[in-house]
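Labels below follow one simple rule: chain letters A, B, ... track the order of the sequence lines, proteins then strands, and each chain is numbered from 1.
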Amino acid sequence: MNYCTALEILGSDAPTLHSDIIRKVTKVINNLLEELNPNQRKAVETVEGPLLIVAGPGSGKTRVITHRIAHLINTCGIPPHKIAAVTFTNKAAREIKERLGAILGYSASALTSGTFHSFCAMILRRDGISMGLDRNFAIYDDSEQVDMIKRIMAEIEVDPKKYSPKAIQAKISNAKSQLLDPEGFRLNKTSEYFDEIVLRVYERYEQSMSRSSALDFDDLLMKTYQLLKQFPQIQDIYMNRYLYFMIDEFQDTNIAQYEIAKQLSDVSRNICVVGDPDQSIYSWRNADIRNILSFKQDYPEAVTVALEENYRSSKTIVEAAKNVISANSERVEKELWTNNKTGSPIIAFEGHTEIEEAQFVTKEIANLTHGFTLSEGFRCKPGDIAVMYRVNAQSEALEKELIYSGIGYQIIGGVEFYRRQEIKDLTAYMRLIVNPHDDISLNRVINKPTRGVGKQTMAIVTKSAQDEGTSLYTAIQSLTSDNNIPESLASKLSSRAIKAITNFESLINELRSETQVQNLVEFIELVKEKTGYSKYIRSFTERREEREENIQAYLNRAADFIDLNLTDAITSFLEHISLVNQVDGYDQESELVTLITLHQAKGLEFPVVFMVGMNEGLLPHIRSIDSGDPSEMEEERRLCYVGMTRAEEKLYLLRAFKRRTYGGSYTFSPPSPFLSNIPADLMITPKPESSKTLNYSSVKKKLNHPNGSNIRESKKHLTDSHDIFNDGDKVMHTVFGEGRVISVKPSGIDLELTVAFEEGHGIKRLLSSIAPVKKIR
DNA sequence: AGAAGCTCATACTCG
DNA sequence: ATGAGCTTCT
């Protein structure tokens with residue numbers, strides 16, 4: 001391998017800066033020089049027959065996967081197109097291809113790599129027609145699934161207040177993940193009445209989805225399974241196509257995914273699964289950890305290789321993470337060790353509120369990137385730092401502080417781009433053009449902008465579609481055709497309404513037969529104009545710029561598909577919209593601090609990791625606590641483990657003494673119980689400085705006036721002559737012992753203190769003049 | 001038909 | 001705090 005080859009491999013995204021080139025090339029060459037340890041080598045060289053690789057965090061899993069594929073191609077002479085590697089994210093798939101290219105010296109584009117969902121979508125677009133699927137099927141995400149369920153509940157008169165549509169969606173999704181169609185669900189359901197309701201909805205749901213030529217995420221899997229099962233000749237094609245099948249993140253696959261993998265490797269039995277039970281964090285998405293046990297049963301001859309040496313993290317971090325995960329009881333004991341140096345201690349800090357927590361993060365980031373830090377000598381770039389949290393809402397306080405301090409960040413997820421209103425609207429138009437029977441999309445845009453198609457009209461159209469068992473589009477067609485019989489539902493429509501829906505029908509048909517424009521971007525522009533959506537957006541006063549920016553960003557993304565012919569471009573673009581996930585947007589080369597949820601952080605690594613919200617109620621999340629299900633608590637612990645093991649050199653575990661729940665009041669927030677599993681000698685706790693609390697309104701001021709003065713307000717709760725009590729003060733009560741002040745508010749001439757006491761005394765309200773309470777330290 | 005205003009439940013992790 | 005979904009007003 002020389003520089004020239006390396007540059008070729010870097011291909012289209014080749015950096016322009018010389019130093020960047022040197023850095024990238026050095027990286028590529030280093031990959032080649034990487035040595036495999038004996039177990040890694042065994043995993044790479046075991047190519048025939050079933051193989052289970054149990055890979056701890058940072059144990060070189062991706063390296064093993066790519067080297068194994070390279071070994072198959074280079075040493076065993078297997079053509080790349082005979083190999084499939086299924087990963088958890090599209091990003092991971094891309095990474096495998098890139099790294100493989102670096103090893104091989106040429107791009108192995110013939111290799112099939114992607115997520116299960118994209119892999120299945122491909123199979124269904126190609127061969128689903130055998131089972132009656134429309135080639136142009138729409139893919140519904142969970143919110144569209146819920147929309148559909150609500151429609152059905154209205155139709156069969158089930159009260160959505162009594163039975164939550166979301167809960168029904170979850171049940172249906174769960175059934176599908178286990179390959180249970182409505183009949184299968186009927187045989188497996190409990191005797192609870194709720195299950196009876198779910199069954200009724202499920203049956204009708206399937207009909208409506210089919211009328212809309214739509215598949216949900218679970219359908220992509222279940223229909224693929226059914227297709228391969230019902231049509232052995234199709235299974236044959238794929239079975240012989242993929243002689244080597246690899247699954248990454250196996251601990252987070254569901255039953256349907258595993259069954260498909262088995263179908264595809266039925267002949268060769270060359271199935272290699274890679275996973276770590278300790279990093280299983282998606283059971284709520286129906287991932288089934290039992291797949292690992294099933295694998296051993298289904299393939300008794302399977303070779304198991306354990307990768308236990310961690311190359312990623314310091315001894316301190318590995319030790320701490322091990323102690324946290326060891327407290328799980330539903331767990332197979334597993335080794336994890338590292339030869340890395342001890343490194344710096346974990347830094348634990350409790351902020352007074354989440355704002356102070358965020359301030360600590362911000363200040364520490366500034367220190368780290370400028371060379372002055374709590375642990376001496378450590379320096380890094382903003383791009384080396386990630387801040388991780390349990391729920392997206394936690395990013396708010398962080399963002400405000402980061403903006404305030406002028407630190408650039410990239411946020412992964414949040415309100416996902418493709419889930420924004422205007423983006424969904426435009427996408428609905430695009431989908432409707434490809435597949436006019438898509439009821440959910442039609443419903444979404446038929447009156448956006450307003451076209452005189454109101455609730456009344458849609459109720460009649462819907463009724464007609466239900467009566468005839470057709471899509472809304474078909475119903476509109478028949479209601480607007482000349483030869484409808486007088487006593488039909490059409491007679492209930494005013495001539496104005498008939499005209500309105502006729503116009504919409506022609507609009508869609510016109511766009512469907514559009515042949516003037518040649519590329520996707522021009523086409524979307526055309527759709528925007530012809531549907532009146534452009535004008536509609538301009539008519540907004542609220543968030544107008546943001547909406548327009550979003551649409552511009554949409555067009556920019558569409559530009560990636562500009563080289564394809566229009567039909568292919570639309571299909572690929574829509575597929576992309578449905579199947580990309582949030583982590584796919586993560587830019588590894590970015591020089592910005594990364595804000596990310598713990599779930600999304602799986603598979604990533606950073607020199608410096610801040611985990612914020614190490615509080616009971618957040619991690620573990622209150623829902624898992626409330627569920628009373630011990631296995632949910634264990635999953636929260638695994639989530640904590642995943643977060644900790646992302647860190648290479650420095651790990652911060654931060655919490656807040658009290659947190660704002662939502663919008664309103666603050667609640668006392670105990671430390672996460674997981675913290676107590678970390679040996680004290682691995683952690684240091686910096687003393688909080690005399691803190692000035694930056695409140696939100698001052699940040700807002702700052703944001704609105706970027707050149708305005710640096711207003712930092714300190715929040716004082718006390719103005720009169722009593723003893724000074726502030727939020728966060730430690731106090732001693734003669735009966736309840738030590739506690740901490742949560743809030744202080746005036747009560748007449750007195751002060752009412754809300755104090756959280758230790759040792760089970762809980763939260764008490766006290767009057768400062770009466771209660772035997774004294775400030776300590 | 002459609003906008004404005006109201007109440008009410010809802011508030012995690014996501015391909 | 002926010003939005004879905006309902007009611008009322010124009």
Side-chain angles (χ1 to χ4, degrees), chain A residues 86-93 114-121 139-143 145-147 150 154 160-161 164-167 169-170 173 176-177 215-221 249 252-254 256-257 280-287 388-396 412-416 418-419 421 446-459 493-494 496-497 499-500 539 575-584 596-602 613 617-627 632 635-636 638-640 642-643 660-665 696:
Chain A
V86 182
T87 53
F88 195 69
T89 63
N90 293 300
K91 183 183 162 289
T115 62
F116 260 108
H117 291 90
S118 63
F119 186 61
C120 290
I139 300 172
Y140 284 176
D141 66 20
D142 50 359
S143 76
Q145 252 183 301
V146 171
D147 284 350
K150 283 181 185 162
K161 281 181 184 141
S164 135
K166 245 185 125 183
Q169 185 266 339
S173 173
K176 289 189 176 189
S177 301
L215 298 184
D216 60 38
F217 273 111
D218 303 300
D219 283 335
L220 293 176
L221 306 174
E249 306 285 7
D252 284 322
T253 54
N254 64 28
Q257 290 167 329
S280 154
I281 54 175
Y282 281 97
S283 76
W284 54 274
R285 221 174 64 186
N286 305 311
M388 301 180 184
Y389 36 82
R390 176 67 228 270
V391 303
N392 282 309
Q394 285 174 264
S395 73
E396 193 192 322
I412 312 299
V415 183
E416 197 191 343
Y418 291 114
R419 293 195 184 200
Q421 291 297 319
I446 193 164
N447 213 26
K448 246 183 223 180
T450 53
R451 304 190 168 86
V453 186
K455 231 194 304 182
Q456 209 76 32
T457 310
M458 279 317 285
L493 288 170
S494 67
R496 214 168 84 187
K499 197 163 171 232
S539 74
E575 185 115 335
H576 166 82
I577 290 170
S578 301
L579 298 177
V580 291
N581 70 49
Q582 308 183 350
V583 184
D584 293 335
I596 191 168
T597 65
L598 290 166
H599 279 91
Q600 293 179 124
K602 189 180 73 162
L618 268 177
L619 189 66
H621 195 272
I622 184 78
R623 289 217 167 179
S624 303
I625 302 170
D626 287 351
S627 76
E632 284 199 27
E635 183 147 317
E636 295 289 314
R638 292 193 292 269
L639 195 52
C640 182
V642 167
R660 216 210 287 255
T661 31
Y662 46 95
S665 55
Y696 281 95

Which of A:K602, A:Q257, A:R285 passes side chain to side chain donor-acceptor pair (under 3.5 Å) with A:D252? Answer is A:K602

In whole angstroms, the gap separating C1' of B:dG2 from CG of A:N447 amounts to 8 Å

Sorted by chain and residue number, the side-chain contact (heavy atoms from CB on, under 4.5 Å) partners of A:R451 (sequence neighbours excluded) come out as A:Y429, A:N447, A:P449, A:V453, A:F504, A:L507, A:T531

With a 3.5 Å cut-off and just heavy-atom distances, do the side chain of A:R390 and the base of B:dC12 make a donor-acceptor pair?
yes

Assign each of A:N254 and A:K166 the nucleotide of DNA chain B bearing its closest heavy atom; nearer the 5' end lies the nucleotide of A:K166

Per atom distances to the A:Q456 side chain, the nearest of B:dC14, B:dA11, B:dA1 is B:dA1

note: A:N286, atom CG; B:dT13, atom C1'; distance rounded to Å ~ 13 Å

Against the side chain of A:T450, the closest entry in B:dA1, B:dA3, B:dG15 is B:dA3

Hits for side-chain contact (heavy atoms from CB on, under 4.5 Å) against A:V86, two or more places apart or cross-chain, chain-then-number order -> A:F116, A:F245

Among the nucleotides B:dG2, B:dG15, B:dT13, whichever has the atom closest to the side chain of A:N392 is B:dT13

Per nearest nucleotide of DNA chain B, the residue lying toward the 5' end, A:V453 or A:F217, is A:V453

Ring pair (Phe, Tyr, Trp, His ring centres under 6.0 Å) filter on A:F217, not counting sequence neighbours, yields A:H117

Checklist line | Ring-base stacking, A:H621 with B:dC12 (5.5 Å, 30° cut-offs) | finding: yes

Sequence neighbours excluded, the answer for side-chain contact (heavy atoms from CB on, under 4.5 Å) partners of A:I622 is A:D626

Letter by letter from the 5' end, nucleotides 4-10 of chain C scores (B base, S sugar-phosphate only, - none; protein heavy atoms under 4.0 Å) SS-B---

Applying side-chain contact (heavy atoms from CB on, under 4.5 Å) to A:Q456 and not counting sequence neighbours gives none

Per atom distances to the A:H599 side chain, the nearest of B:dT13, B:dA11, B:dG15 is B:dT13

Would you call A:W284 stacked on B:dT13, i.e. ring centres under 5.5 Å apart with the planes less than 30° off parallel?
yes

